[in-house]
Protein chains: 2
Amino acid sequence: MSVPHEKPARSWSRRKQARPGEILDAALTVFAEKGFAAARMEDIAARAGVTKGTIYLYFPSKEEVFKSLARKHVGDTLVNAAEQARQYEGSVREFLTILLTVVGNKIQHGEVAVLPKIIIAESGNFPELARFWRTEVIDKALGMLTGVIAKGIERGEVRQVPAEYVARLCVAPVVMSIIWRTVIAPTDAVPFDYQKFLSLHLDVLLKGLEPEGRKP
Amino acid sequence: MSVPHEKPARSWSRRKQARPGEILDAALTVFAEKGFAAARMEDIAARAGVTKGTIYLYFPSKEEVFKSLARKHVGDTLVNAAEQARQYEGSVREFLTILLTVVGNKIQHGEVAVLPKIIIAESGNFPELARFWRTEVIDKALGMLTGVIAKGIERGEVRQVPAEYVARLCVAPVVMSIIWRTVIAPTDAVPFDYQKFLSLHLDVLLKGLEPEGRKP
DNA sequence: CTTTAATAACTGACCAGTCAGTTATCAAGT
DNA sequence: ACTTGATAACTGACTGGTCAGTTATTAAAG
């Protein structure tokens, strides 16, 4: 037999700038699917269009790839939003409507929705990482929401309730939606409209938080 | 130096009946902590007070240990409750109060709270298992709640809302609590009272679901 | 003494990390 | 332009350690 076809394949090109990002994007997918331990460096490499050795030109170890990945998406949408929210003066209803619409969109279409799953899965193996996320993302998000709700209480827009707990009530359906999309939806569950779910959530929540002597 | 101390090693005893349960209990802890891939059979064995080989007398493989574990706790509290709930005739408020109290207790103290975390983490590696849980636990629980709420709507106790979505609103804070306990709480987050949280949830939810023309 | 639960030493597969060699790219020299 | 030599990005075969699963052996129990 003759050689079937000489592979021409300008095999690879140098792309020093782009590599780290591409590798992390690939890692996001593979870690989300397999978890840390079961993810093979060769899988990540293949998905990034390189070979295993290349990863080690940019990252010292598998663990460091994982940690870089988990840190990469911190401070993006959410944390900046927290700053803007601090001196927001509109109503609680308005604020949460905007917030949940944006978040709902990200859940339905965004790539980042898999990150919480990764953190949940590996919190046992990487306690420092879980703590990092708690302080950098969760505490900040809850702090922001607590502030908004507390302001709503002062203003008489919201009845007397413990604001820190209501903040968690706010995000619970968001967490639920993320898990649904990343864990349940792939098992061919009946279709689920996240936008509709979150807007119902907001409707019920705000009605449930109205003061007794309600405005006409 | 002399040999420090001959390990007396009250060697072992035969306990055919008890072993499988003990092994699964050990596996629950180790899988919850490390995830499937990173959990070592020797860790599970040690925690169960046996050696690795013993596990293979009772289970054919690591995967089968994991699956047995995941199946073991299905049909316990929740699913039986679903049957009883079907012909429950009390109010929605009463029903949910009882349910969330029981569930809240399990979350705060129960061993089983780590299972959802395991399922979430390994859904990518064991799609069949994720589907099994979805059909056997999630669909049934949501079905039960949807039924209760639909009945509440008919009865005029609850305003006109899509019952399947409200069912998810019901459980979202439960999911949130489970994740909080198994993922966030170990990072020394500020103490969190699950009972209080869930009762606030119920309070806000029911108020949010009241019909417009409310009873005096 | 026979049966069998349980052990502990062993094997083989798999994979993170390494490194000697290959190839794209660029710049200096003609 | 058009070599050619230097540099560094990239490759892929290899290694060393780890761990799931096996098996020869030991000892509890009747």
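First the proteins, then the strands, lettered A, B, ... as listed; each starts at 1. The figures here come from the full heavy-atom set of this structure, side chains too, leaving out hydrogens, waters and symmetry mates.
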To the nearest Å, give me how far apart [atom1] ([X]) and [atom2] ([N]) are.
X: A:I23; N: D:dA9; atom1: CD1; atom2: P; answer: 12 Å
X: A:W12; N: D:dG12; atom1: CH2; atom2: P; answer: 10 Å
X: A:L57; N: C:dA24; atom1: CG; atom2: P; answer: 16 Å
X: B:E42; N: D:dA20; atom1: CD; atom2: P; answer: 7 Å
X: B:N125; N: D:dA20; atom1: CG; atom2: P; answer: 14 Å
X: B:Y56; N: C:dA5; atom1: OH; atom2: P; answer: 18 Å
X: B:F66; N: D:dC19; atom1: CZ; atom2: C1'; answer: 18 Å
X: B:R19; N: C:dA5; atom1: CZ; atom2: C1'; answer: 8 Å

- Message: I want to check something: taking the side chain as every heavy atom from C-beta on, are B:I178 and B:K117 in contact at a cut-off of under 4.5 Å?
- Response: no

- Item | Validation row: B:F192, B:I184 side chains within 4.5 angstrom (heavy atoms) | no

Look at the side-chain N and O atoms of [X] and state whether any lies under 4.0 Å from the OP1 or OP2 oxygen of [N].
X: A:R15; N: D:dC10; value: no
X: A:T54; N: D:dT11; value: yes
X: B:S13; N: C:dA6; value: no

- Message: With a 3.5 Å cut-off and heavy atoms only, can you find an N or O donor on one side and an acceptor on the other between the side chain of B:K52 and the base of C:dA8?
- Response: no

- Item | Any N/O donor-acceptor pair, B:R14 side-chain to C:dA5 base, under 3.5 Å | no

- Between A:V50 and B:E63, name the one whose nearest nucleotide on DNA chain D is closer to the 5' end. A:V50

- Query: Regarding A:N105 and A:Q195, is there a side-chain donor-to-acceptor distance under 3.5 Å anywhere?
  - Reply: yes

- Message: Does B:R93, at its CZ atom, have more than 12 non-hydrogen atoms belonging to other residues, nucleotides or ligands within less than 6.0 Å?
- Response: no

- Query: Where along residues 31-41 of chain A does a heavy atom come under 4.0 Å from DNA chain C, residue by residue in number order?
  - Reply: A:A39, A:R40, A:M41

- Could you state the interatomic distance from OG1 (B:T187) to CZ (A:R134), rounded to the nearest 0.5 Å? 3.5 Å

- Message: If you apply the rule ring-ring contact (aromatic ring centres under 6.0 Å, His included), what do you find for A:F126 with A:F36, and how did you get there?
- Response: CA-CA 10 Å; A:F126 301 97; A:F36 178 80; 4.9 Å; yes

- Remember a base hit wins even if backbone is also touched, and classify B:Y58 as base, sugar-phosphate or nothing at under 4.0 Å, heavy atoms. sugar-phosphate

- Message: By the side chain to side chain donor-acceptor pair (under 3.5 Å) test, which pairs, at least two apart or in different chains, include something from residues 59-68 of chain B?
- Response: B:E63-B:K67, B:K67-B:E128

